Amino acid sequence: SFEEMSRFGYVQIIRELVEKMDADVLILPFEQIEFLRRGFGWSTLTRLLRQTRCHLMVVKTGAVSGERKSLENCLVPFISNPHSGLLLDTVHALKEYIGSSLNIRFLHIKEDARTHEKIAKAQNELLERGFCNDEPLDVVEVSEDRSRYINTEAKEYNLVLLSASRDHWFREMKFGDIAENALRNLDQTMTIVVHRHQESWHLIVSPFVRLYHRLYLNYGNT
């Protein structure tokens with residue numbers, strides 16, 4: 001069908017461009033992602049992410065009364081997951097590009113019974129990447145929906161950086177409720193969502209890696 005041809009054509013063109021340029025990162029505007037979803041559903045994006053051997057960044061440029069606004073304040077909702085390393089690499093790159101005028105707030109929202117483990121893991125990753133000295137992890141507990149809280153906080157910032165949620169084997173790859181909600185609703189900021197490329201063997205090995213880290217955090221210091 002024409003739809004199948006269009007779907008195949010789009011993925012094929014992007015994949016060939018990535019391979020030809022030997023690209024490390026594929027940057028797509030959020031509007032293009034929405035077009036794919038409306039036209040073909042998430043299956044096309046899933047196929048694209050699995051076939052292109054590079055990372056993905058989805059960017060939504062906020063409209064600020066038709067004027068270009070400097071990026072001075074950056075909100076980074078942060079939790080340690082398979083995509084958080086790419087997120088921190090992006091923050092580092094922005095710091096080098098913008099300079100010391102960039103104010104960064106790492107935000108961690110308490111979630112469930114494993115809160116202390118997740119906070120410790122997030123803080124350790126930030127320290128390993130050279131953060132948490134000038135940019136401490138701001139841990140908050142909220143009674144409202146996390147997406148709504150982040151969207152409210154984001155009004156005070158002109159740049160928001162998020163990572164995708166974990167991938168699930170045999171399921172379509174999505175960015176996660178918080179990231180997708182931010183992309184749809186943050187109209188006054190530049191919003192960037194990062195998705196790290198994962199080889200198929202990562203999906204098999206990652207549960208064992210998570211188990212190792214959990215055991216290490218619980219018993220490693222005893």
Side-chain angles (χ1 to χ4, degrees), residues 11 14-15 17-19 21-30 32-33 36-37 42-60 74-97 104 106-109 111 117-132 135 137 146-147 150 159-183 190-214:
V11 173
I14 294 296
R15 186 169 64 86
L17 284 173
V18 168
E19 291 178 355
M21 298 179 64
D22 193 22
D24 296 315
V25 179
L26 171 65
I27 301 175
L28 291 177
F30 174 65
Q32 189 68 27
I33 297 295
L36 286 174
R37 174 156 42 195
W42 272 110
S43 59
T44 298
L45 180 61
T46 299
R47 182 178 174 185
L48 179 62
L49 292 177
R50 285 181 176 152
Q51 291 188 7
T52 53
R53 300 175 64 86
C54 67
H55 305 310
L56 172 69
M57 290 187 183
V58 179
V59 180
K60 179 181 180 182
C74 178
L75 178 65
V76 186
F78 186 76
I79 183 171
S80 185
N81 68 20
H83 308 280
S84 55
L86 178 60
L87 177 66
L88 295 183
D89 287 343
T90 306
V91 176
H92 266 303
L94 284 169
K95 283 186 66 177
E96 291 182 4
Y97 176 74
I104 303 171
F106 287 102
L107 174 66
H108 182 96
I109 300 177
E111 294 183 66
E117 175 186 334
K118 292 180 179 179
I119 293 173
K121 191 174 181 181
Q123 289 176 328
N124 288 338
E125 185 169 2
L126 288 173
L127 285 169
E128 290 173 358
R129 295 288 185 130
F131 293 102
C132 262
E135 310 91 354
L137 182 64
R146 287 181 297 156
S147 296
I150 289 174
L159 176 61
V160 179
L161 289 174
L162 308 96
S163 65
S165 300
R166 296 182 185 275
D167 292 335
H168 298 282
W169 204 15
F170 296 132
R171 297 182 185 178
E172 290 185 350
M173 289 188 281
K174 300 183 180 181
F175 301 119
D177 293 339
I178 291 178
E180 292 177 32
N181 190 284
L183 285 168
M190 174 179 285
T191 306
I192 302 175
V193 174
V194 302
H195 183 289
R196 183 177 69 89
H197 173 71
Q198 292 179 282
E199 300 288 354
S200 58
W201 61 267
H202 286 164
L203 301 175
I204 301 174
V205 172
S206 59
F208 298 99
V209 174
R210 289 197 297 271
L211 177 60
Y212 167 78
H213 283 295
R214 186 182 304 178

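Everything numeric in this text was worked out from a predicted model, so none of it was measured.
The shortest heavy-atom contact between S163 and H83 is CB-CB, 3.8 Å. The minimum heavy-atom distance linking S84 with S80 is given by the pair OG-CA, 3.6 Å. Shown here for N81 and S165, the closest heavy-atom pair between the two residues is ND2-CA, 4.3 Å.
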task: Report the C-alpha separation of V58 and H195 in whole Å, then their side-chain angles, then the decisive distance to 0.1 Å, and conclude whether the side-chain contact (heavy atoms from CB on, under 4.5 Å) test is met.
output: CA-CA 8 Å; V58 179; H195 183 289; over 6 Å; no
query: So E135 and F78, side-chain contact (heavy atoms from CB on, under 4.5 Å) or not? Walk me through it.
result: CA-CA 12 Å; E135 310 91 354; F78 186 76; over 6 Å; no
message: As a quick check of understanding, evaluate side-chain contact (heavy atoms from CB on, under 4.5 Å) for V25 and C54, giving each step before the final call.
response: CA-CA 5 Å; V25 179; C54 67; 5.9 Å; no
field: Evaluation steps, salt bridge (Lys or Arg N to Asp or Glu O under 4.0 Å), between E117 and K121
entry: CA-CA 6 Å; E117 175 186 334; K121 191 174 181 181; over 6 Å; no
- request: Could you walk me through whether V194 and H55 pass side-chain contact (heavy atoms from CB on, under 4.5 Å), step by step?
  value: CA-CA 8 Å; V194 302; H55 305 310; over 6 Å; no
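Side-chain contact between I109 and P77 is absent, with no heavy atoms from C-beta onward closer than 4.5 Å. Proximity of H92 to F131: side-chain heavy atoms (C-beta onward) are separated by under 4.5 Å at one or more points. Within the 4.5 Å cutoff, the side chain of L159 has heavy atoms near those of the L94 side chain. Put simply, the side chain of H108 does not reach to within 4.5 Å of the side chain of Q123, judged on heavy atoms. Within the 4.5 Å cutoff, the side chain of H197 has no heavy atoms near those of the L56 side chain.
Atom CD1 of I104 is separated from atom CG of L161 by 8.5 Å, given to the nearest 0.5 angstrom. The CD1 atom of I79 sits 9.5 Å away from atom CD1 of I119, with the distance rounded to the nearest 0.5 Å. For the atom pair L162 CG and L107 CG, the distance stands at 10.0 Å (nearest 0.5 Å). Considering CE of M21 and CG of L26, their distance stands at 10.0 Å, rounded to 0.5 Å.
Between the side chain of K60 and the main chain of T191, no donor-acceptor pair closer than 3.5 Å is present. For R146 (side chain) and I178 (main-chain N/O), no donor-acceptor pair under 3.5 Å exists by modelled atom type.
By the 6.0 Å contact criterion, CZ on R129 is enclosed, its count of non-hydrogen atoms from other residues, nucleotides or ligands being greater than 12.
When each of V91, V76, L88 is tested with L126 by the rule side-chain contact (heavy atoms from CB on, under 4.5 Å), just one qualifies, namely L88.
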